[in-house]
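These notes concern the structure reproduced below.
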Amino acid sequence: MRILIAKDYDGMCQNGANLIAAQVLLKPESVLGLATGSTPCGIYDRLAGKYSAGELDFSAVRSVNLDEYVGLPPENDQSYRYFMQKNLFSRINIRPENTHVPNGLAEDIEAECRRYEQQVADYGYPDLQLLGIGLNGHIGFNEPAGDFPALTHRVALTESTINANSRFFKSLDEVPRAAITMGIGTIMRAKKILLAISGENKKEIARAAICGPVTPQVPASVLQLHPDVTVILDEAAAALL
Ligand code: GLP
């Protein structure tokens, strides 16, 4: 694991955007695994800036997102498809047909999970997978559990995640209770992983994920077993490392 500690959120985002930019420069047809949440927003902002400045070309890039809520249409401003359109896709020249997010409205969610896993496999898995981390150590929506789920699957969200994500919804009742997420096995097949952690409230989980035992009770701890992980943090999140 490589650990890069920046002074603050802006510095962490600069590191993240530079690493993703380097990936796209070196391999214009990269498959990027993308994440949602508040943490990557500044990274996407900087990537859009690099595109506007003529420094990056996304026309051959393909993307696969980690997860999506079950039951939210793409036009719902809390869906992850909406988030990606707003924060990144509409601001760069990636081709819409090259962007993939699980379909949370699929009638048969199990079939959608199999289809999505196949899509990621057909792309050969991400060259670079960007990850955030939940307060309970979840990556994508892989919640603490008795084992590490291998493939894309439907997951019931934990109380901790529902509460944490309720800040984006009008009320707690509106937060979806289920999601589709890449499995830990899917994520671990990415060639490189970039884990972004920011803020004082993430310092305990950052330590548990990076320095603690590898356990499915802290899903992000599995990344210790991946051969090419870079963790980018700000000083607040790195305080206990
Ligand atoms: C959501 C997403 C995760 C993300 C997490 C943390 O639950 N499914 O991919 O890492 O939130 O979000 P934030 O960066 O807002 O703390």
Side-chain angles (χ1 to χ4, degrees), residues 6 8-10 12-13 15-17 20 32-46 63-72 76-84 86-88 100-102 104 113 116 120 126 128-145 149 152-169 172 174-184 186-188 190 193-206 208-210 218-223 229-234 236-238:
D8 53 18
Y9 178 72
D10 278 351
M12 187 215 68
C13 290
N15 285 339
I20 295 172
L32 298 181
L34 299 176
T36 55
S38 48
T39 310
C41 285
I43 297 178
Y44 294 152
D45 207 39
R46 279 169 180 75
S63 75
V64 285
N65 262 78
L66 283 167
D67 48 12
E68 177 61 284
Y69 288 117
V70 168
L72 292 191
N76 183 305
D77 63 2
Q78 293 310 324
S79 77
Y80 286 170
R81 167 54 81 175
Y82 187 98
F83 174 101
M84 290 309 303
K86 178 170 162 233
N87 289 290
L88 187 64
H100 302 271
V101 180
C113 292
Y116 198 73
V120 180
L128 178 65
Q129 174 69 57
L130 174 63
L131 295 175
I133 185 170
L135 284 172
N136 61 5
H138 73 236
I139 46 177
F141 266 131
N142 291 278
E143 299 279 33
T152 301
H153 61 288
R154 180 189 211 275
V155 68
L157 302 181
T158 62
E159 214 51 43
S160 148
T161 300
I162 292 167
N163 286 331
N165 290 2
S166 67
R167 69 189 194 275
F168 301 116
F169 291 81
L172 195 62
E174 284 183 26
V175 188
R177 268 34 186 183
I180 297 173
T181 181
M182 283 186 193
I184 295 289
T186 327
I187 293 170
M188 289 294 276
I193 289 178
L194 182 58
L195 170 63
I197 316 180
S198 165
E200 215 257 331
N201 64 339
K202 296 273 177 79
K203 67 182 181 199
E204 275 96 9
I205 199 62
I210 296 167
V218 182
S221 65
V222 76
L223 301 173
V229 177
T230 304
V231 190
I232 51 172
L233 309 99
D234 53 25

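Scope of the values below: all heavy atoms of this structure, side chains included, with no hydrogens, waters or symmetry mates. Order of listing sets the numbers, starting from 1, for every ligand and every atom in it. Residue indices begin at 1 and follow the sequence shown.
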### Query
What residue and heavy atom of the protein are closest to atom 8 (N) of ligand 1, and at what distance?
Asp67 OD2, 2.8 Å
### Query
atom 7 (O) of ligand 1: which protein heavy atom is closest, and how many Å away?
His138 NE2, 2.9 Å
### Check: Met84 and Thr36 side chains under 4.5 Å, non-hydrogen atoms
yes
### Query
Which residue holds the protein heavy atom closest to atom 12 (O) of ligand 1, what is that atom called, and what is the gap in Å?
Gly37 CA, 3.8 Å
### Message
Using a 3.5 Å cut-off on N or O atoms only, is Ala35 in polar contact with ligand 1?
### Response
no
#### Entry: Glu143 side-chain N/O to Thr158 backbone N/O, donor-acceptor pair under 3.5 Å
yes
### Task
Calculate, to the nearest 0.5 Å, the distance between atoms CE and NE2 belonging to Met182 and His153 respectively.
12.0 Å
### Query
Any side-chain heavy-atom pair from Arg46 and Asp10 closer than 4.5 angstrom?
yes
### Message
By the definition side-chain contact (heavy atoms from CB on, under 4.5 Å), identify the one residue from Ile232, Leu194, Leu195 that meets it with Leu130.
### Response
Leu194
### Message
Please work out, at 4.0 Å between heavy atoms, whether the side chain, the backbone, both, or neither of Asn165 comes within that distance of ligand 1.
### Response
side chain
### Query
Can any side-chain N or O of Asn65 pair as donor or acceptor with the backbone N or O of Asp67 at less than 3.5 Å?
no
### Task
Could you tell me the residue and atom name of the protein heavy atom closest to atom 16 (O) of ligand 1, and the distance to it rounded to 0.1 Å?
Lys202 NZ, 2.7 Å
### Query
Do His138 and Thr161 have side-chain N/O donor and acceptor atoms under 3.5 Å apart?
yes
### Query
Which atoms of ligand 1 are found less than 4.0 Å from any heavy atom of Gly132?
10 (O)
### Proximal atoms of ligand 1 relative to Phe141 (non-hydrogen, under 4.0 Å)
7 (O), 8 (N)
### Query
So, do Leu66 and Leu34 sit near enough that their side-chain heavy atoms are less than 4.5 Å apart?
no
### Summary
The closest protein heavy-atom partner of atom 4 (C) of ligand 1 is Thr36 O, 3.9 Å
## Note on the structure
min-distance protein heavy atom vs atom 9 (O) of ligand 1 -> Gly140 O, 3.6 Å
### Query
Can you list the steps and then say if Lys202 with Asp234 is a salt bridge (charged side-chain N to carboxylate O under 4.0 Å, His left out)?
CA-CA 10 Å; Lys202 296 273 177 79; Asp234 53 25; over 6 Å; no
### Query
Judging by distance only, is a nitrogen or oxygen of Arg167 under 3.5 angstrom from one on ligand 1?
yes
### Shortest protein contact, atom 6 (C) of ligand 1 (heavy atom only)
Ile133 O, 3.4 Å
#### Entry: Identity and distance of the protein heavy atom lying nearest atom 2 (C) of ligand 1
Tyr80 OH, 3.6 Å
